[in-house]
Chemist: 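Take a look at the following structure, please.
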Amino acid sequence: MTDTWTEQAVAALAPDPESVRAGRALAVRSRWLSLACHGKVIWGECKGSGQSPYRARIDLSGPAYKCSCPSRKVPCKHVLGLFFFHALQPDAISPGDTPEWVAEWMASRKERLEKELLRLESRQAGPDRVADPTAQQKRQAERMARVSAGVEDLQRWMRDLVRTGLAGPKIQKPDFWEAAAARLVDAQAPGLARAVREMGAIPGCAPAWPDRLLESLGRTQLLIDAFTHLQALEGDLQAEVRTRIGFPVSREEVVRGEPVRDRWAALARTMFTDPEGLQVTRTWLRGRNSGRWALLVDFVHRSLKNEQTGFSEALPGEETEADLVFYPGVPPLRALVVERRSAHETLHDLPGAGTIEQAFCQWREAIARSPWTEVWPMAFSGVCFGRSGEAWTLSEPGGRSVPVTSRFGRAWELLALGGGEALPIFGLWDGEVFSPLSTLSGGRLVALSSGEEEA
Amino acid sequence: MSAWEALRHAAVLGTGKQPFSLHDVPEEELRDVLRRLDWGEVEGALLRAAGVLTVWRYAGAFPRPAPAESCFLPAPVEELEPCSPEGTRLLVRLMEPAWQSMLPLWFERLAETRRRVPEPFLVAVLELGRAHAELRELIRPVLGQRGCWLAQQNPAWNYLQEENRASWEEGSLQVRAAYLRRVRRHDPEAGLELLQEAWNQEGSRERTELLEQLETGLSMADEPFLESALTDRSKEVRARAAELLRRLPQSRLVARMKERIRAMTTVQKKTAGALEMTLFPPETPDADATRDGITGKGFFGFPMGERALRLFQTVRAVPPSFWNESLGPDADSLVAAASACEWAEPLLAAWSEACVVFREGEWAAALLRSNTDAPSNTPDTRAALFSVLPAEQQHRRLMELLRSGDCDADLIRFIPVSAGPWDRELSAAALKALPRFLQPGPVWEFSGNPVLHALPRLLDPALSEETEVIARQAELPEGLRKQHLEHFVEAYRLKRQIMKM
């Protein structure tokens, strides 16, 4: 995955074909007065038509870039030149100490990212974040009252649904679900709103849709019941229920938690864009020594995509020593990176890989602790990809097998990589089917999804 | 009905329409939980029960045992090494639409170096073969064992399957023609036999299409069959048969044409070494002439009367060397004599065509030298004649033209059809002359610049830096010309990288 920067990927960054040519022409050492790298950041000075040389800097993990040349094209040919250089001759760039003008840029980027994240969070949290403690308490009490009312409303609505029956025509109309979801958003319960919207997509989507819908309704009912008896639950489970309903947890709160230090390996990344234009990126991590799974979730608003913003520094296929803090939940999964303690190293194995049976034990534990668990990460040390009738499956020779989702788009590529032999595979189990996300081939992690997933 | 099915049934119907109560479930713990629900409020209890059963099912999920026999037999062990990382980088580049024309070179080079496509790219390559039929034969040798194994699993990639005898019996015309072509490639006699066996049962369209496949591996062994096809009831079949027979200098058809030529031609030596040629093409064709393809009809580049057309069709069927063997001393004097005679136009046109078909370098050179006003002396014909010359002669002529200093019309046409590769000297001379080909003018056609397009194939791969220097110095303004030039520089660079693979 450290080869994500191919020539084609760089060319896709460019604003027009002319810049591509100009960029390629600059991918020669002789055009640069200085050229060096540090980690994922590459910088260089290029002689231009001005008096002083132009300073260009790029960060591969973003991508993010900046150049001092007066060109109005973004990214300019100097930036593209650095990218092409990396794509064509990565070893020809010598590591070096970051000069001031690069360090300054990295610091200001980090600041901007932090501010952006806080802004996004405050947008999601709603009008709740005030410094004054009494006012804050009052707001929290008000919020609780609103959510309770919303939950009661939902309960009545669901009972009505069951009374009139799922065969009725009105549930096929998106407005029916949208109206209920909107009411929940007004009641400050966005998590429930999302659940209702997802339920709305079920009618008619497959022959067994009434079963799927009833399953979803049933689990939502359990969530409503849990919320109604919130105070009787244990601390962790309370936090889980609150998160699922949609109570926000601020970054500051989470960051105060107990950090977990480990060598964290990034195994896969998926992205999807929600209906409001927010691009959500999920990165799955595995702690080598602790044996814990962690999920990093990042948000970038679509309008910011053209700016040079970056997100989580963990690229799939790499591992790094880091401190993570986990959001409250049961079992704890979503996490934040508070401090990275070492450079990124390429992964050459699949940590946490075991048998299918072992993975299912973990799944059972997870579901037992939180009945609303939607997906669970699983890493298999050796499974053969093949067909069983019309469907694809993964099977361990002499062991167990799991069905693969019919929406798996890289079946032939996986077959080409495996050739019928057993391969290590990482992916997600949703209770019905498995979605392969990455595999180990040629000693490196290879992504199996196209990156985009449906919500 | 299981508990879940009962729940679902009630939910779908609606509890308002039918009273519902859940019967007992076999599992003890589950039964306890379900009994504790408040069934007085039916809807809520139903929903809760659904939730409980769902979690029960998910938590109780146990993966099935793997099937006893594996669903796929694993792929056989590879014999060839995969290509280098630079090679795969090149492949990724060449898959861009602008560079796909260079893919054949990449595949050929891979086959030459006895390497194979690495596993992560097998699907992309197989898809390329599916979309572009002309790449399929080039892909086959570099797929490796896994690639072939993979192709067998997916019906979309069955183009790699060898057509077999069954497809000859049952396939479409396309498939059968492909099969016949393949057989002719390996064993022409067997192919001929196959065709002869099926001949009488085929319709005229099939006979035409299949007869054409005899072009592959054509030899005198096919002559008797083709001669008999001259009397076929379909006009198309007769025309194809005559066409094929014309390519066999020893065939009876060609012998008949030679007789006809001898009968109508007189060549006399005049004073000062010049020749005089008189021709008496027959007023009416002889009995066999129409059967041999002398129809007196058709358009061959410029308008000709019926008698002239018949002359043309006769002369073009015979290798030009026949003329100096039986009728005159050498090509140049015969060409000169022909230009002076009243039948010059069809004669020169026929000789030009015959030169190309029979690949007669001497006559091609003579015709090019003569450079008459005849309507057959078009740039396209000249280019075709040039392509027939032996490589050495071609290169010599190109050097002369390049040295002469201007952008000669011949030069523009000759370069694209020239035989490659060029030696260092010629390549250097062409590169030096490159600015000439960049000036606006007749060299630029609608589709681009044929010289720039052909040069990467021809130039000596070692002249790397020179191209880039020249391109920079050309200082073209932004626009199509500059784009074509940069495309040329890049194509040359890519070709060099492919040859280094």
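The chains referred to below are lettered A, B, ... by the order of the sequence lines, with proteins before strands, and numbering in each begins at 1.
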Chemist: So for Leu7(B), is it side chain, backbone, both, or neither that comes closer than 4.5 Å to the heavy atoms of chain A?
Modeler: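 Contact with chain A is through both the backbone and side chain of Leu7(B).
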
Chemist: Which atoms of Ala416(A) come close to chain B, meaning under 4.5 Å heavy atom to heavy atom: side chain ones, backbone ones, both, or neither?
Modeler: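 For Ala416(A), backbone and side chain are both near chain B.
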
Chemist: Please classify the contact between Glu413(A) and chain B as side chain, backbone, both or neither, with a heavy-atom cut-off of under 4.5 Å.
Modeler: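 Backbone plus side chain of Glu413(A), per the 4.5 Å heavy-atom cut-off to chain B.
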
Chemist: Backbone N or O of Trp372(A) within a donor-acceptor pair of the Arg244(A) side chain at under 3.5 Å?
Modeler: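 Side chain of Arg244(A) to backbone of Trp372(A), a donor-acceptor pair under 3.5 Å: yes, one is there.
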
Chemist: Quick check on Leu417(A) against chain B: is it the side chain, the backbone, both or neither that has a heavy atom closer than 4.5 Å?
Modeler: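 Both parts, heavy atoms under 4.5 Å.
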
Chemist: Could you check Thr228(A) against Asp225(A) for side-chain hydrogen bond (donor to acceptor under 3.5 Å, both in side chains), going step by step and ending with a plain yes or no?
Modeler: CA-CA 5 Å; Thr228(A) 322; Asp225(A) 288 336; 4.9 Å; no

Chemist: Looking only at heavy atoms and a cut-off of under 4.5 Å, which of Gly431(A), Ala366(A), Gly442(A) has the most pairs with chain B?
Modeler: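 Top count of heavy-atom pairs under 4.5 Å with chain B: Gly431(A).
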
Chemist: So which residue, Ala66(B), Ala75(B), Gly51(B), ends up with the most heavy-atom pairs under 4.5 Å with chain A?
Modeler: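 Most heavy-atom pairs within the cutoff with chain A belong to Ala66(B).
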
Chemist: Taking side chain as everything from C-beta outward and backbone as N, CA, C, O, which of these in Asp211(A) sits under 4.5 Å from a heavy atom of chain B? Side chain, backbone, both or neither.
Modeler: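 Contact with chain B involves both backbone and side-chain atoms of Asp211(A).
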
Chemist: Under 4.0 Å between a side-chain nitrogen and a carboxylate oxygen: does that hold for Arg31(B) and Glu28(B)?
Modeler: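 Looking at Arg31(B) and Glu28(B), the cut-off is not met.
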
Chemist: Under 30°, 30 to 60°, or over 60°: which ring-plane class applies to Trp429(A) and Trp363(A), parallel, tilted or perpendicular?
Modeler: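 Perpendicular.
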
Chemist: Less than 4.5 Å apart, side chain to side chain, heavy atoms only: is that true for Leu94(B) and Ile498(B)?
Modeler: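 Yes. Closest side-chain heavy atoms under 4.5 Å.
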
Chemist: Shorter than 4.5 Å, heavy atoms on both sides: which option in Glu96(B), Glu119(B), Arg57(B) has the most such pairs with chain A?
Modeler: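 Of Glu96(B), Glu119(B), Arg57(B), Arg57(B) has the most heavy-atom pairs under 4.5 Å with chain A.
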
Chemist: Go through Gly399(A), Ala11(A), Cys361(A) and name the one with the most non-hydrogen pairs under 4.5 angstrom from chain B.
Modeler: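 Most pairs with chain B among the choices: Gly399(A).
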
Chemist: Trp157(B) versus chain A, heavy atoms under 4.5 Å apart: side chain, backbone, both or neither?
Modeler: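 Contact with chain A: side chain only.
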
Chemist: Flag the one option from Thr220(A), Val402(A), Leu222(A), Leu213(A) with the top tally of heavy-atom pairs under 4.5 Å to chain B.
Modeler: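 Counting heavy-atom pairs under 4.5 Å, the top option is Leu222(A).
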
Chemist: Top residue by heavy-atom pair count (under 4.5 Å) with chain B, among Arg24(A), Arg364(A), Arg159(A)?
Modeler: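 The answer is Arg159(A).
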
Chemist: By a 4.5 Å heavy-atom criterion (distance strictly below it), what part of Arg146(B) contacts chain A: side chain, backbone, both, or neither?
Modeler: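 Only the side chain of Arg146(B) comes within 4.5 Å of chain A.
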
Chemist: Do the side chains of Arg156(A) and Glu43(B) get close enough for a salt bridge, i.e. N-O under 4.0 angstrom?
Modeler: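 Glu43(B) and Arg156(A): not salt-bridged.
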
Chemist: Taking all non-hydrogen atoms of both residues, which atom of Pro436(A) and which atom of Val404(A) are closest, and how far apart?
Modeler: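 Residues Pro436(A) and Val404(A), closest heavy atoms: CD-CG1, 3.8 Å.
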
Chemist: Which bit of Leu46(B) is near chain A, if near means a heavy-atom gap under 4.5 Å: side chain, backbone, both or neither?
Modeler: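 It is the side chain, since no backbone atom gets that close.
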
Chemist: Between Glu86(B), Glu490(B), Met95(B), Arg89(B), which shows the greatest number of heavy-atom pairs under 4.5 Å with chain A?
Modeler: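 Most pairs with chain A among the choices: Arg89(B).
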
Chemist: Are the charged groups of Glu5(B) and Arg8(B) less than 4.0 angstrom apart, N to O?
Modeler: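 Salt bridge flag = no for Arg8(B) with Glu5(B).
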
Chemist: To the closest 0.5 Å, what do you measure between CZ (Phe380(A)) and CG (Leu394(A))?
Modeler: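 It is 6.5 Å, given to the nearest 0.5 Å.
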
Chemist: Where on Glu365(A) is there a heavy atom nearer than 4.5 Å to chain B: the side chain, the backbone, both, or neither?
Modeler: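 No part of it gets close to chain B.
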
Chemist: Using the ring of each side chain (for Trp, its six-membered ring), is Phe385(A) parallel, tilted or perpendicular to Trp392(A), with breaks at 30° and 60°?
Modeler: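 Parallel.
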
Chemist: Of the backbone (N, CA, C, O) and the side chain (C-beta and beyond), which part of Glu41(B) lies under 4.5 Å from a heavy atom of chain A, both, or neither?
Modeler: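 Side chain only.
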
Chemist: Pick one of side chain, backbone, both or neither for Arg48(B), based on which atoms fall under 4.5 Å of a heavy atom in chain A.
Modeler: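 Contact with chain A: backbone and side chain both.
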
Chemist: Would you say Lys17(B) has more than 12 foreign heavy atoms packed within less than 6.0 Å of its NZ?
Modeler: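 Yes, the 6.0 Å shell around NZ holds more than 12 heavy atoms from other groups.
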
Chemist: In terms of heavy-atom pairs under 4.5 Å, which option from Ala167(A), Ser401(A), Ser216(A) contacts chain B the most?
Modeler: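 When all of Ala167(A), Ser401(A), Ser216(A) are compared, Ser401(A) has the most.
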
